[in-house]
Amino acid sequence: MGGSAWGATDGTSVKSADVDVVVVGGGGVAGLYLLYRLRGLGLNVTAFEAGSDVGGTWYWNRYPGCRCDVDSLEYSYSFANDLQQEWHWPERYGTQPEILKYVNHVADRFDLRRYIQFNTRVTSAVFDANSNLWTVTTDQNDMIRATFCVMATGNLSTPRKPDFPGIDDFQGEWYHTGLWPHEGVDFTGLRVGVIGTGSSGVQSIPYIAAQAKHLHVFQRTANFSLPARNEPMNAQTELTHKAEYPARRKAAYDTPFGIAGYPPPAKSALEVPADERDQIYERKWAEGGSISFLYSFNDLLTNKAANDTASEFVRQKIRSIVKDQEVAELLAPHTHPMGTKRLILDTNYYETYNRDNVTLVDVKSAPIEEITKTGLRTAQAGYELDAIVFATGFDAMTGAMLDIDIRVEGGPSLKEAWSAGPRTYLGLMIAGFPNLFTITGPGSPGVKSNMMLSIEQHTNWIVDCLQHLRSRHHRRIEVEPEAEESWVTHVREVADSTLYPLANSWYMGANIPGKPLVFMPYVGGVQMYKKKCDEVVANGYEGFLISG
Ligand code: NAP
């Protein structure tokens, strides 16, 4: 294991003692890049990973139809030019198996697996303010002491276990999209029920419908979905994109969502005549992709009347695709402005409801009351099912961290500190929890951006910070409570200036009963956020106390 770059600790003999950094969630996209960077600095590192292999979200979410909703040429690491030039993405959007293959390739190419202990879930992390050490324990009875602890635990990594009564008595098989069996599931000839119509449900429903004898989709809230327009990678597109990679990656930091190539729209949706506006939406609809569509006009996420025009355009599309107009009306979302819940990209989702073996069930008007031995029962009727798929989402953004008992000895736990909702400074650190970093934590643009870019930017910031501390022989960094307070206020004010808070989304914690309703991501844009992060450093780590 070797010594610590920050010098010896108090000499207590514990397993794998004296690493510089412990990484929680080492096998995900964030954990792997962090390991690469930390090893580049020559630091001693140990990572724990709950999965049996690398991949993170792409390891767990193996449901049929799972694919990324960001173009594959963008949703990829930028840190190694050889890697981005050599890797060939076969389709416009990466499928889960393809992305998993890529992540495995990265782990092997940069020899990162050796730092990761797989099949290991971290259960607690306790900071001792006297020695400035985190003691991290796991469900495999490991105990390790580290100067710094980085949570690379992901934002959508705690599947929401369905709490319907009767589930244990169900005689068929049930699955959660976020915990899909590695061997896959064959639904041929089965009566299947899918509960949930977020991204996971919408992506899997066409595939399950194609196999199942009959599919019942249990929909509580209709959501906006746009055509992905996936296609085989165009050779010329790939060539041009790769030639422009360095410039594009750099330019991406100057954009709201961390993806270059979408010129910012100059006009309001209300400034142009209706027919011209619809032509623009038609063009975007044909192009595919969510950012492109949101970029139709400059006020779709800030002005309700402007948003209404886009929302109605999508509703009309649904009515034109779905033959049964009663079903179309149920699928047409009216509960929130388009884009204020995660916009979904699909392939043949609405078309699937034209199949004879697919039935849409409205569980808003008649909620699911219980899972029975042979299916489920709503307030209105019973359904016989051989298999149930829960596409019911995640305890997003805070779930994974709050599952770990994180505390400072003698101080409040993270659960207590976040009892009214998560509070961070820049989504990178939390006041009261020294030497603890988060990657794409609440208060950062992470989930509202190209995650790959945000992961790289956060990791670079954290690693540069560690380098800064080491070069000055400091052992401790913590957030000034006032800096955190002012960032939390800023994050809230920016959110309140948009339409986002109008939706009961997982961004708000609204999908988890009892979770505080706080808009968690920073929606001021990647460009504003990066500028702030850079300024903080330029001003001598403004808002942080460095000591030790
Ligand atoms: P989600 O967006 O939270 O959707 C969960 C669905 O389950 C919602 O339709 C929800 O209805 C429904 N639901 C939950 N509890 C229910 C209940 N008791 N009865 C009936 N319906 C219930 O979860 P997700 O689809 O897994 O997606 C989560 C996020 O993961 C996405 O927003 C996206 O960011 C990411 N993701 C991305 C991709 C991609 O890149 N293509 C794919 C999958 C996921 P309500 O809306 O009424 O709560």
Side-chain angles (χ1 to χ4, degrees), residues 21 23 25-45 47 49 51 53-59 67-116 118 150 152 230-255 257-261 439-440 446 449-464 466-467 526 530:
V21 185
V23 178
V29 168
L32 288 172
Y33 179 54
L34 179 65
L35 287 173
Y36 168 80
R37 286 293 325 269
L38 292 172
R39 287 303 300 161
L41 276 192
L43 298 180
N44 278 311
V45 185
E49 168 57 50
D53 207 341
V54 298
T57 201
W58 306 106
Y59 168 94
R67 128 183 355 260
C68 190
D69 56 6
V70 173
D71 286 55
S72 48
L73 286 161
E74 298 286 351
Y75 187 87
S76 50
Y77 291 113
S78 74
F79 69 86
N81 196 42
D82 286 357
L83 171 68
Q84 67 183 7
Q85 295 298 337
E86 286 164 25
W87 188 264
H88 168 64
W89 293 100
E91 293 177 76
R92 176 174 175 186
Y93 304 95
T95 59
Q96 174 272 330
E98 188 63 36
I99 300 172
L100 188 59
K101 190 168 127 193
Y102 170 75
V103 177
N104 271 276
H105 170 82
V106 171
D108 290 336
R109 184 172 179 139
F110 299 99
D111 195 15
L112 301 172
R113 275 193 175 80
R114 62 165 72 206
Y115 307 109
I116 309 172
F118 292 102
V150 187
N230 185 47
E231 57 190 2
M233 181 60 69
N234 175 293
Q236 190 52 50
T237 305
E238 183 178 7
L239 211 63
T240 311
H241 200 107
K242 285 184 172 176
E244 293 170 354
Y245 247 146
R248 273 181 168 268
R249 299 288 202 188
K250 195 160 172 281
Y253 282 115
D254 257 331
T255 67
F257 298 109
I259 300 180
I439 299 183
T440 67
S449 72
N450 176 4
M451 281 301 284
M452 279 281 188
L453 171 132
S454 282
I455 281 168
E456 288 191 336
Q457 189 245 332
H458 289 204
T459 302
N460 291 340
W461 193 97
I462 292 166
V463 174
D464 290 351
L466 293 180
Q467 166 74 327
V526 163
K530 169 134 189 335

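None of the values given here were measured: they were computed from a predicted structure. Atoms considered below: every heavy atom in the structure, side chains included; atoms not considered: hydrogens, waters and symmetry mates.
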**Complete:** Residues Ala30 and Thr459: closest non-hydrogen pair is O-OG1, 4.5 Å
**Nearest heavy-atom neighbours spanning Leu100 and Gly55** = CD1-CA, 3.7 Å
**Request:** Decide yes or no for Leu34 and Val45: does some side-chain heavy atom of the first lie under 4.5 Å from some side-chain heavy atom of the second?
**Result:** no
**Request:** Quick one: do Trp461 and Ile439 satisfy side chain to side chain contact (heavy atoms under 4.5 Å, CB included)? Show the steps, please.
**Result:** CA-CA 10 Å; Trp461 193 97; Ile439 299 183; over 6 Å; no
**Request:** Would you check if the side chain of Arg249 reaches a backbone N or O of Phe79 as a donor-acceptor pair within less than 3.5 Å?
**Result:** no
**Distance in Å, Asn460 CG paired with Ile455 CD1, rounded so as to fall on 0.5 Å steps** = 11.5 Å
**Asked** Which atom names give the shortest non-hydrogen contact between Ala47 and Gly26, and what distance separates them?
**Response** CB-CA, 3.8 Å
**Request:** Heavy atoms only: give me the nearest Leu453-Gly258 pair and the separation to one decimal.
**Result:** CD1-O, 3.7 Å
**Prompt:** Do other residues, nucleotides or ligands put more than 12 heavy atoms under 6.0 Å from Lys242 NZ?
**Reply:** yes
**Asked** Which pair of heavy atoms, one from Ile116 and one from Gly27, lies closest together, and at what distance?
**Response** CD1-CA, 4.2 Å
**Prompt:** Would Glu86 and Arg109 count as a side chain to side chain contact (heavy atoms under 4.5 Å, CB included) if you check the C-alpha gap in whole Å, the side-chain angles of each, and the deciding distance to 0.1 Å?
**Reply:** CA-CA 12 Å; Glu86 286 164 25; Arg109 184 172 179 139; 3.0 Å; yes
**Distance, nearest 0.5 Å, that separates CD of Glu74 from CZ of Arg92** = 11.0 Å
**Message:** Determine whether a donor-acceptor pair (N or O, by modelled atom type, separation under 3.5 Å) exists between the side chain of Glu456 and the backbone of Ser78.
**Reply:** yes
**Request:** Examine distances only and state if a side-chain atom of Tyr77 and a backbone atom of Val29 form a donor-acceptor pair shorter than 3.5 Å.
**Result:** yes
**Message:** In this structure, is the centre-to-centre distance between the rings of Tyr59 and Phe118 below 6.0 Å?
**Reply:** no
**Request:** Drop me the distance from Leu32's CG to Phe110's CZ, to the nearest 0.5 angstrom.
**Result:** 10.5 Å
**Message:** Between Leu112 and Val54, does the side chain to side chain contact (heavy atoms under 4.5 Å, CB included) criterion hold? Intermediate values first, please.
**Reply:** CA-CA 10 Å; Leu112 301 172; Val54 298; over 6 Å; no
**Fill in**
NZ of Lys101 to OG1 of Thr95, rounded to nearest 0.5 Å, is 8.5 Å
**Prompt:** Where the side chain of Tyr245 meets the backbone of Leu73, is there a donor-acceptor pair that is under 3.5 Å apart?
**Reply:** yes
**Request:** For Gly94 and Ser72, work out which heavy atoms get closest and say how close.
**Result:** N-CB, 3.8 Å
**Asked** Should the ring pair Tyr75 and Trp58 be called parallel, tilted or perpendicular, given that the plane angle runs from 0 to 90° and is split at 30 and 60?
**Response** perpendicular
**Request:** Tell me, please, which residues at least two apart from Thr57 pass side-chain hydrogen bond (donor to acceptor under 3.5 Å, both in side chains).
**Result:** Asn61
**Item:** Any donor-acceptor N/O pair, Thr255 side chain to Ala252 backbone, under 3.5 Å
**Value:** yes
**Prompt:** Do Tyr102 and Ser76 have side-chain heavy atoms sitting under 4.5 Å apart?
**Reply:** yes
**Prompt:** Do Val463 and Gln467 touch side chain to side chain, with heavy atoms closer than 4.5 Å?
**Reply:** no
**Message:** Let me confirm one number: the CG-CD1 distance from Asn450 to Ile259, rounded to the nearest 0.5 Å.
**Reply:** 4.5 Å
**Asked** Ignoring hydrogens and geometry, is there a side-chain-to-backbone donor-acceptor pair from Asn230 to Tyr93 under 3.5 Å?
**Response** yes
**Tyr36: side-chain hydrogen bond (donor to acceptor under 3.5 Å, both in side chains) partners, not counting sequence neighbours** = none
**Asked** About how many Å separate CE of Met233 and CD of Glu231, when rounded to the nearest 0.5 Å?
**Response** 8.5 Å
**Item:** N-O pairing of Arg67 and Glu91 below 4.0 Å
**Value:** yes
**Prompt:** For residues 35-45, which residue pairs qualify under salt bridge (charged side-chain N to carboxylate O under 4.0 Å, His left out), counting only residues two or more places apart or in two chains?
**Reply:** Arg37-Asp464
**Distance-only polar pair, side chains of Gln84 and Asn81, donor-acceptor under 3.5 Å** = yes
**Message:** If the threshold is 4.0 Å, N to carboxylate O, is there a salt bridge linking Arg113 and Asp53?
**Reply:** yes
**Asked** If only atom types and distance count, is the side chain of Glu238 paired as donor or acceptor with the main-chain N or O of His88 below 3.5 Å?
**Response** no
